[in-house]
Amino acid sequence: MSIQQQPVAGNAAAGNAESAEASLKQRAAVLDRQDPLAHYRNLFIGTDKPLSYLDGNSLGRPLKRTVEDTGAFIRDGWGGRLIRGWDEEWLELPQAIGDQLGRAVLGAAPGQTIIADSTTVVLYKLIRAALAAVSDPDRNELVLDTENFPTDRYLVEGIALEEGLTLRWIETDPAAGVTVDQVRQVTGPRTAVVLLSHIAYRSGHLADLPAITQAVHDAGALVVWDLCHSAGSVELDLDGAGVDFAAGCTYKYLNGGPGSPAFAYVNHRHVGTLNQPIWGWMGRKDAFEMAAGYEPAPGIRGFLSGTPAIFGMLAMRGTLDLIEEASMAAIREKSVQLTTFAIEVFDALLAPLGVELATPRGPGERGSHITLDHPAFSKETVAALWDDDVIPDFRAPHGIRVGLSPLSTSFEEVLHGMSAIRDRLLR
Ligand SMILES: Cc1ncc(COP(=O)(O)O)c(C=O)c1O
């Protein structure tokens, strides 16, 4: 489905649109020239091609060094050291990379972060661990919001059934996100655990993590944060905010690759008493003792269950090194510039065609993607864009999500992609 261009001002309107686009082109060029992180783009595979990748918030591009790193691992590590690799290095990797992630991205001191499982499984383990840490039997409510990612909603619904708990839903505006006031309204002496996304997967709304964490604690409850869209795009200080538990994926802004394992953060307050529900041999004290009965390994290692996905956690190390070099502060600054520019392009090229911005306008209230809504946007619209090497993603019912990855996205790429969305609408 396409829409008709307004015939009202005829040639004059067409002339204005052309000059708006010309000035946006100039601005994109200036922003790219002035971008202190611009040189990082060349470190990613495929950035020399005339393709507009606007979905790094679903699957980040691979770094060129990942080809070398994984090749060397196959040749020298797996191929050379064979089973000895576990003792020599691999068994420690989930914690070693977790600590680097904690330092570079999460604002977490060592010993609280581990790489494991998928986000879904990690969230399940964390929510159950959080519930196990709540001693008051009158606390039988789980709080979540309607704009939480589907896996989060399904998990909490399943856990509520398993444990006989009540769900308290926060009704969130789909073009915005959950607020501190909403959290304060639904939490109280019956609240056990609150599960929220820091950045809403659809609108890109950035929740006030420190204030909401405080509100949950004021109610005497525990909080679990989903950081999938935050890790590598916004600055985080989990220790500073006193967050209890958090999880996130590593295949978005951390470029870990399709299906790379997730991370779990457990605040040191809870690490010592961590009681997660999947008791596997890798989370046991001295796994290779293979003794009777489960005794959790001390520290964050007790969060593990089965054999860690070593191969899947190699690629993210390249990005963590880059983040440590560039700093999350500089990455967040570029992210804000990218989304601000994308909104400028939206105002000039798409708003006049009736497209709506389903993302907060305040730079401090959004993460690194924006969502554009129009009744004509469908899966087919996005499929046609993909055929033309313009790659955003579709979110039902009528949203196109434009994801901007600060280390690999250029301003020119944003303009090229969003102009193509405009052109598709005019066909
Ligand atoms: C916000 C959010 N939470 C959870 C998930 C689910 O992650 P996984 O598929 O790794 O379990 C995703 C996946 O895109 C996500 O965006």
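Numbering of ligands and ligand atoms starts at 1, following listing order. Numbers for residues simply follow the sequence, beginning at 1.
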> Assess the side chains of Tyr201 and Glu147: does a donor N or O sit below 3.5 Å from an acceptor N or O?
no
> What part of Asp152 sits under 4.0 Å from ligand 1 if we count only heavy atoms: the side chain, the backbone, both or neither?
side chain
> Starting from atom 6 (C) of ligand 1, find the nearest protein heavy-atom neighbour and note its residue, name and distance.
Phe149 CE2, 3.7 Å
> Among all the protein's non-hydrogen atoms, which is closest to atom 14 (O) of ligand 1, and how far away is it?
Lys252 NZ, 2.9 Å
> Between Ser233 and Ser230, does any side-chain donor sit less than 3.5 Å from a side-chain acceptor?
no
> Heavy-atom contacts with Thr151 under 4.0 Å: which atoms of ligand 1 show up? List them by number with element.
4 (C), 6 (C)
> Going by atom types only, do Asn148 and Ser197 share a side-chain donor-acceptor pair under 3.5 Å?
yes
> Below 3.5 Å, N or O to N or O, backbone or side chain included: is there any such pair between Thr119 and ligand 1?
yes
> Ignoring hydrogens and angles, state whether a donor on the side chain of Gln337 or Asp35 is under 3.5 Å from an acceptor on the partner side chain.
no
> Using a strict cut-off of 4.0 Å, indicate which atoms of ligand 1 neighbour a heavy atom of Tyr251.
7 (O), 8 (P), 9 (O), 10 (O), 13 (C), 14 (O)
> Around atom 11 (O) of ligand 1, find the nearest protein heavy atom and jot down its residue, atom name and distance.
Thr120 OG1, 2.5 Å
> Under a 3.5 Å threshold, yes or no: a donor from one side chain and an acceptor from the other, between Asp244 and His270?
yes
> Only heavy atoms of His229, strictly under 4.0 Å: list the atoms of ligand 1 that pass.
1 (C), 16 (O)
> Answer with yes or no whether the side chains of Thr213 and Trp225 bring together a donor and an acceptor at under 3.5 Å.
yes
> Between Asp226 and ligand 1, which part of the residue brings a heavy atom under 4.0 Å of the ligand: side chain, backbone, both or neither?
side chain
> Show the atoms of ligand 1 that are less than 4.0 angstrom away from any heavy atom in Ser118.
10 (O), 11 (O)
> For Ser260 and Thr250, which I'm curious about, is there any donor-acceptor pair between the side chains at under 3.5 Å?
yes
